[in-house]
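Within every chain, numbering begins at 1; the chains are lettered A, B, ... in the order of the sequence lines, protein sequences first and strands thereafter.
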Protein chains: 2
Amino acid sequence: MRSDAARSTRAIIEAAERVLSANPAASLEQIAEAAGVARTTVHRRFAGREALLRTMGAQAWAQIRDAVAEIVQDAAPPMVAWHRATTAVLAVKHGWTFALTHIDEADAETLAVIGEVTAITDTFLLRARDAGLLRPEADLEWVRRVYMALISESVHGQAEHGDADATRVLDTLLRGFGA
Amino acid sequence: MRSDAARSTRAIIEAAERVLSANPAASLEQIAEAAGVARTTVHRRFAGREALLRTMGAQAWAQIRDAVAEIVQDAAPPMVAWHRATTAVLAVKHGWTFALTHIDEADAETLAVIGEVTAITDTFLLRARDAGLLRPEADLEWVRRVYMALISESVHGQAEHGDADATRVLDTLLRGFGA
DNA sequence: ATCAACTGAAACAACGATGTTGCATGTTCG
DNA sequence: CGAACATGCAACATCGTTGTTTCAGTTGAT
């Protein structure tokens with residue numbers, strides 16, 4: 001692919017994320033306009049709406065996987081590594097609100113990536129439990145679901161996000177709000 | 001409205017919830033078929049797709065409000081009342097997955113009901129904090145958002161739901177998973 | 001029983017989104 | 001430079017959804 005074509009592709013994907021996160025039913029026309037290209041160009045770069053969405057989902061999940069994968073390499077104490085990974089994931093999720101929530105049909109490759117993310121997370125949760133961070137009797141699948149839900153909720157309608165968000169998420173997850 | 005018309009209206013709304021929760025982009029045709037009526041009947045009972053969605057949202061939120069309102073009257077200790085209300089909300093949410101999540105445009109009336117729900121919840125959270133159930137420094141808006149996110153997550157893909165779900169939600173909210 | 005209300009069915013118009021083609025004009029890259 | 005590639009633009013065909021109308025037949029209320 002030539003460099004200008006690559007530029008168009010990137011512009012379209014970024015515009016799609018912007019437009020669709022505001023209005024999930026937006027047309028390719030609106031996306032093209034936001035990207036500063038003609039609608040025909042969108043059809044040249046992507047076979048159709050579905051193909052565009054699948055590509056977006058693939059890219060977004062790949063970034064989530066990269067963010068999560070750091071935690072495996074991280075030699076720091078679990079709590080420190082967890083905080084770092086959470087911050088990274090929050091950043092990705094903030095930039096891919098639509099792609100990570102409103103896309104259901106994913107290709108096999110993306111499903112594999114999602115599986116990777118789940119696996120890495122579950123492995124880490126086991127490690128965290130062994131390290132005494134989590135109560136031994138905690139249902140790790142439920143922990144993972146709550147963790148992801150907290151991350152989603154944390155990103156909602158938030159213009160800015162910083163280190164404090166990861167702290168809040170983990171504090172909520174581990175301590176709750178009880179006295 | 002005659003009784004048969006009322007029956008049609010109910011059948012359409014119930015079918016819409018069923019069909020749209022499986023496929024948010026489903027057509028009125030599909031909804032009509034699932035409801036066992038002709039598409040024209042859908043148009044007779046509702047001005048259009050938007051009107052149908054607004055009606056669904058209004059009904060669903062009204063039920064949520066009723067479920068939450070109990071907590072105000074409930075003379076039992078806060079924790080008991082909270083558990084009861086959570087169970088009721090989970091039941092409603094379970095039956096209105098689509099209406100309570102995928103509808104953004106609500107009429108003024110529904111917005112008022114949503115406001116009621118938020119107000120009642122916030123009032124109760126204050127009461128819970130005063131009763132020593134929540135840490136004094138807890139950010140109550142964040143508590144409310146997490147509470148609602150936990151309820152949503154709890155309902156996800158769950159065919160059955162019982163008393164244990166409310167217990168799990170409140171346990172997670174108050175204690176978290178930390179050791 | 002009677003009348004108004006409701007329904008299903010079929011046909012139709014209108015609309016927007018999608019997808020395709022052809023062609024002239026730019027742009028990239030060897 | 002020049003060939004291959006990429007783009008914008010306009011035009012067109014197609015498709016599914018929505019919305020409306022008409023009418024004959026059914027159902028509900030008093």
Side-chain angles (χ1 to χ4, degrees), chain A residues 1-59 97-99 101-107 110, chain B residues 1-59 97-99 101-107 110:
Chain A
M1 180 160 40
R2 235 170 60 176
S3 67
D4 49 355
R7 208 174 328 124
S8 291
T9 303
R10 256 181 294 120
I12 291 168
I13 290 181
E14 285 166 14
E17 168 60 35
R18 236 178 310 129
V19 172
L20 291 175
S21 65
N23 170 25
S27 67
L28 296 182
E29 175 77 52
Q30 297 173 265
I31 294 172
E33 186 188 353
V37 302
R39 187 171 63 89
T40 42
T41 299
V42 176
H43 280 98
R44 278 197 203 90
R45 300 287 130 230
F46 302 93
R49 188 191 188 78
E50 300 240 334
L52 171 58
L53 294 187
R54 273 190 282 108
T55 303
M56 292 172 67
Q59 291 203 7
T97 302
F98 173 83
T101 56
H102 289 323
I103 297 181
D104 40 349
E105 319 117 4
D107 51 19
T110 306
Chain B
M1 178 160 41
R2 236 169 59 175
S3 66
D4 50 354
R7 205 174 332 123
S8 291
T9 304
R10 256 181 293 120
I12 291 167
I13 290 181
E14 285 166 15
E17 167 60 36
R18 233 178 313 130
V19 172
L20 292 174
S21 65
N23 169 26
S27 67
L28 295 183
E29 176 77 49
Q30 297 173 265
I31 294 171
E33 187 187 352
V37 300
R39 188 171 63 89
T40 42
T41 299
V42 175
H43 280 96
R44 278 194 203 94
R45 301 286 128 231
F46 302 93
R49 188 192 187 79
E50 299 240 334
L52 171 58
L53 294 187
R54 273 191 282 107
T55 303
M56 291 172 68
Q59 292 203 6
T97 303
F98 173 83
T101 56
H102 290 322
I103 297 181
D104 41 349
E105 321 115 4
D107 52 19
T110 304

Taking side chain to side chain contact (heavy atoms under 4.5 Å, CB included) as the test, write out the residues that go with [X], two or more places apart.
X: B:Ala5; answer: B:Met1, B:Arg45
X: A:Gln59; answer: A:Ile13, A:Thr55, A:Trp96
X: B:Ala47; answer: B:Ala51

Which nucleotide span of DNA chain D, 5' end to 3' end, has atoms closer than 4.0 Å to non-hydrogen atoms of chain A?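 That gives a stretch of D:dA4 to D:dA10.
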
Look up atom NE2 in A:His43 and atom CD1 in A:Ile12, then write down how far apart they are to the nearest 0.5 Å.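 Rounded to the nearest 0.5 Å, the NE2-CD1 separation comes out at 10.5 Å.
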
Under 3.5 Å, side-chain donor or acceptor atoms of residues 23-36 of chain A against the rest of the protein: list the pairs with distances, not counting sequence neighbours.
| unit_1 | atom_1 | unit_2 | atom_2 | d |
| --- | --- | --- | --- | --- |
| A:Asn23 | OD1 | A:Ala25 | N | 3.1 |
| A:Ser27 | OG | A:Glu29 | N | 3.4 |
| A:Ser27 | OG | A:Gln30 | N | 3.3 |
| A:Ser27 | OG | A:Gln30 | OE1 | 3.4 |
| A:Gln30 | OE1 | A:Ser27 | N | 3.0 |

List the residues meeting side chain to side chain donor-acceptor pair (under 3.5 Å) with B:Arg2, not counting sequence neighbours, and say none if there are none. B:Asp4

Who passes side chain to side chain donor-acceptor pair (under 3.5 Å) against B:Thr110, sequence neighbours left out?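 Once residues adjacent in sequence are excluded, the partners of B:Thr110 under the side chain to side chain donor-acceptor pair (under 3.5 Å) criterion are B:Asp107.
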
Is a side-chain N or O of A:Glu17 found less than 3.5 angstrom from the main chain of A:Phe98, in a donor-acceptor match?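 Yes.
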
For residues 12-33 of chain B, which residues have at least one heavy atom under 4.0 Å from DNA chain D?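 Heavy-atom cutoff 4.0 Å gives B:Ser27, B:Leu28.
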
Do any pairs count as a salt bridge (Lys or Arg N to Asp or Glu O under 4.0 Å) and have a residue in residues 18-27 of chain A, sequence neighbours left out, and if so which ones? none

Identify, with sequence neighbours excluded, every residue that meets ring-ring contact (aromatic ring centres under 6.0 Å, His included) alongside B:Phe46. none

Report the C-alpha distance between B:Leu52 and B:Arg49 in whole Å, list the side-chain angles of each, state the deciding distance to 0.1 Å, and finish with yes or no for side-chain contact (heavy atoms from CB on, under 4.5 Å). CA-CA 5 Å; B:Leu52 171 58; B:Arg49 188 192 187 79; 5.7 Å; no

Whole angstrom is fine here: how far is it from CZ in A:Arg2 over to P in C:dT28?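 Spelled out: CZ on A:Arg2 to P on C:dT28 is 7 Å.
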
In whole Å, I'd like the distance from the CZ atom of B:Arg49 to the P atom of C:dG16.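 Atom CZ in B:Arg49 sits about 17 Å away from atom P in C:dG16.
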
Got a list of protein N/O to nucleotides 7-12 of chain C N/O distances below 3.5 Å?
| unit_1 | atom_1 | unit_2 | atom_2 | d |
| --- | --- | --- | --- | --- |
| C:dT7 | OP1 | B:Ser8 | OG | 2.5 |
| C:dT7 | OP2 | B:Arg45 | NE | 3.2 |
| C:dT7 | OP2 | B:Arg45 | NH2 | 3.1 |
| C:dG8 | OP2 | B:Ala38 | N | 3.1 |
| C:dG8 | OP2 | B:Thr41 | OG1 | 2.3 |
| C:dG8 | N7 | B:Arg44 | NH2 | 3.3 |
| C:dG8 | O6 | B:Arg44 | NH2 | 2.7 |

Between the two ends of the helix from C:dA1-D:dT30 to C:dG30-D:dC1, what is the bend in degrees, rounded to 10 degrees, where each end axis spans five pairs?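 If I round to tens, the end axes sit 40° apart.
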
Derivation and outcome, side-chain contact (heavy atoms from CB on, under 4.5 Å), residues A:Thr41 and A:Arg44: CA-CA 5 Å; A:Thr41 299; A:Arg44 278 197 203 90; 3.7 Å; yes

